[in-house]
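Okay, structure first, notes after.
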Amino acid sequence: MSGPFPVENATVPYWRTQLHHLDSHRSTPELPEKQDIVIIGAGFAGAAIAHYLLKDHPDNKPRPSITILEAREACSGASGRNGGHIRPDLFVGLAACMQAHGLEAANQAALFEEANARALEALVREDNIDCDLRAVTTGDVFVDAAEAAKIRKLWDAMAKLDCPTLGRVAAHLDPREAERASGVRGARVAFTYPAHVVWPYKLVMHLLEEAVVAKDGAVNLQTRTMVHGVSEALDGDGYWTVATARGPTRARTVVFATNAYTAGLLPEYDEAIYAARGAVCRVVVARDGVAAATDNSSSSSSSSNNIPLGSAGLEMESPNTVDSYYGLRADGSILVGGGKSVFIDEREEWYRNYDDSTLIEATVPYFDGWAARTFTGWEGRAETESIWTGIMGYSADDAPHVGHVPSKPGQYICAGFNGHGMPNVLLCAKGVAEMIRDGRAFSETGVPALYETSAERLRRISDLVAAPTAGRARADIYLKF
Ligand SMILES: Cc1cc2nc3c(=O)[nH]c(=O)nc-3n(C[C@H](O)[C@H](O)[C@H](O)COP(=O)(O)OP(=O)(O)OC[C@H]3O[C@@H](n4cnc5c(N)ncnc54)[C@H](O)[C@@H]3O)c2cc1C
């Protein structure tokens, strides 16, 4: 067994401090001998695929039998340990995507991310999901002088192009205005736009509860069930055999919602999706501190904790790094992720590192001083309440892989969401559910063409990885949270 595979004794993220009753659930004591569909992975992607398979299932057809196999606890991977912000990339990410894939593809991806945010908002409202979803104004804030100069030029250039999402972005190009709008010390340029923050574990667990409990046990959830592999070929009855730590089970359809760990089961994705370790912490007002808890909700106006934006990515250094990002919670605490500047050169700390049972030590002092360094009025007032690591599934060409696994009929993938899954996963999952249930072609799902996985794309990635600039390209991809 080579991996990557989820490890034991993962660090405990703030989001997983109030565990749901399905966290370590097994619907049946034994695995079913066979079923129609096995979904591997109970993160946002696996839960959302199950949700959509059931939600839109026609009443006049029997429901498929579905089992979710999860190596650890439900939502214990990236979805339970991320920064909790949902930031459709309307400008900076759009520009990066345009450089790599062209304007049309970039516009499609940006509009898709916005559509994800709308779909999530509607889902939370309609299903009355208790997951602290809040609309906020977010920002991309540039402190580094060289990066600020570059981004100003990029803004001017992009403004001349036909980019529908740019209309939702406010540019604060004057340093005083950038600092006022963002609240970030020394900000030179800031771009602000609509986004959300969420408690991701609560969201995912609601989707699982609905699939596993509310729909009369339609989905069999099996946590603490590591999958070791899937057979090379279908058996005589048309089933794939899924080998697990608790014995084999068979399925006509197998879905890999395994994100960072995909190559452990599909070695052909080893170059395409690789593990990258990241760190997040929760910063709270120190007991004797006075920075008041506040609800910044959708407002971008100044508030008593001196933080005008509900979330942001901060570009502190050149070249092209989003050094940290944060999201504010209604209780006044701040979820801060990143800190790459202090460990990016120690490649073994993050690159192909899938150990979320240990911390990235250099981030501990980094996060301790983060609030005071970043915002005025936070000196001596903030402390790190908890800190953890998580494993991202980095995609070598920066786009998720969605659709049919090449040459394996009945196998699907929905993985490789980088550090940016929250504004992408939901509608990718819906697309995969439609492909499985309705036999839809990928092109009919509304998922950007760029995200379609294929043998040709895997071949192109192989060429990219073999290119002399590969090391640099990979580092840059990591830099783009
Ligand atoms: C530290 C960190 C910060 C992040 N911050 C943000 C953010 O603020 N905003 C944002 O948009 N995105 C963020 N992301 C990315 C986001 O969390 C992911 O893109 C998203 O959660 C991916 O969801 P998923 O379901 O595909 O993956 P996961 O949640 O990782 O789910 C995959 C599941 O598959 C299971 N699994 C894997 N292999 C096997 C196997 N062999 N057998 C059984 N089960 C298996 C895993 O245990 C896991 O539970 C962050 C990620 C990390 C790690």
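As the structure lists them, so they are numbered: ligands from 1, and atoms in each ligand from 1. None of these values were measured; they are calculated from a predicted model.
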Quick one: does Ile40 get an N or O within less than 3.5 Å of an N or O on ligand 1? no

So between Thr244, Val280, Val227, whose heavy atom ends up nearest atom 41 (N) of ligand 1? Val227

Are side-chain N/O atoms of Thr384 and Asp368 paired as donor and acceptor at under 3.5 Å? yes

Could an N or O of ligand 1 be found under 3.5 Å from any N or O of Gly83, whether backbone or side chain? yes

Can you tell which of Arg81, Met422, Glu70, Gln222 gets a heavy atom nearest to atom 35 (C) of ligand 1? Glu70

Any non-hydrogen atom of Pro423 lying under 4.0 Å from ligand 1? yes

Under 4.0 Å between heavy atoms, the region of Leu265 that gets near ligand 1 turns out to be side chain

Does the residue Gly84 have a heavy-atom contact with ligand 1, meaning some pair of atoms that are separated by less than 4.0 Å? yes

Is the side chain of Thr223 donor-acceptor paired with the backbone N or O of Ala74 at a distance under 3.5 Å, no angle test? no

Heavy-atom donor-acceptor pair, Asn418 side chain to His420 backbone, under 3.5 Å: no

Of Ile151, Leu90, Leu166, the one forming a side-chain contact (heavy atoms from CB on, under 4.5 Å) with Phe191 is Ile151

So among Glu70, His25, Arg246, which one has a side-chain hydrogen bond (donor to acceptor under 3.5 Å, both in side chains) with Gln222? Arg246

Is it true that Arg277 and Thr358 share a donor-acceptor pair across their side chains at a distance under 3.5 Å? yes

Kindly identify the option in Arg72, Arg224, Glu73, Met392 whose heavy atom sits closest to atom 51 (C) of ligand 1. Met392

Region of Ala257 that comes within reach of ligand 1 [heavy atoms, distance under 4.0 Å]: backbone

Looking only at distances, can you tell me whether any N or O atom of Thr258, backbone or side chain, sits closer than 3.5 Å to an N or O atom of ligand 1? no

Strictly by modelled atom types, are Thr241 and Asp235 linked by a side-chain donor-acceptor pair under 3.5 Å? no

Side-chain ion pair, Asp356 and Arg72, N-O less than 4.0 Å: yes

Could you work out, for atom 3 (C) of ligand 1, the closest of Phe256, Tyr394, Tyr325, Tyr326 by heavy-atom distance? Tyr325

Taking distance alone, with no angle check, do Gly80 and ligand 1 share an N/O pair under 3.5 Å? no

Would you say Ala279 and ligand 1 have an N/O pair spaced under 3.5 Å apart? no

Select one of side chain, backbone, both or neither to describe which atoms of Pro6 lie under 4.0 Å from any atom of ligand 1, heavy atoms only. side chain

For Gly43, the atoms of ligand 1 under 4.0 Å from one of its heavy atoms are 25 (O), 29 (O), 31 (O)

Measuring from non-hydrogen atoms of Gly419 to any atom of ligand 1, is the shortest distance under 4.0 Å? yes

For Gly390, the ligand 1 atoms with a heavy-atom partner under 4.0 Å come out as 53 (C)

With no hydrogens and no angle check, is any side-chain donor or acceptor of Arg437 less than 3.5 Å from a backbone partner on Tyr52? yes

Flag if over 12 foreign heavy atoms under 6.0 Å of CD, Glu348: yes

Using a strict cut-off of 4.0 Å, indicate which atoms of ligand 1 neighbour a heavy atom of Ile391. 53 (C)

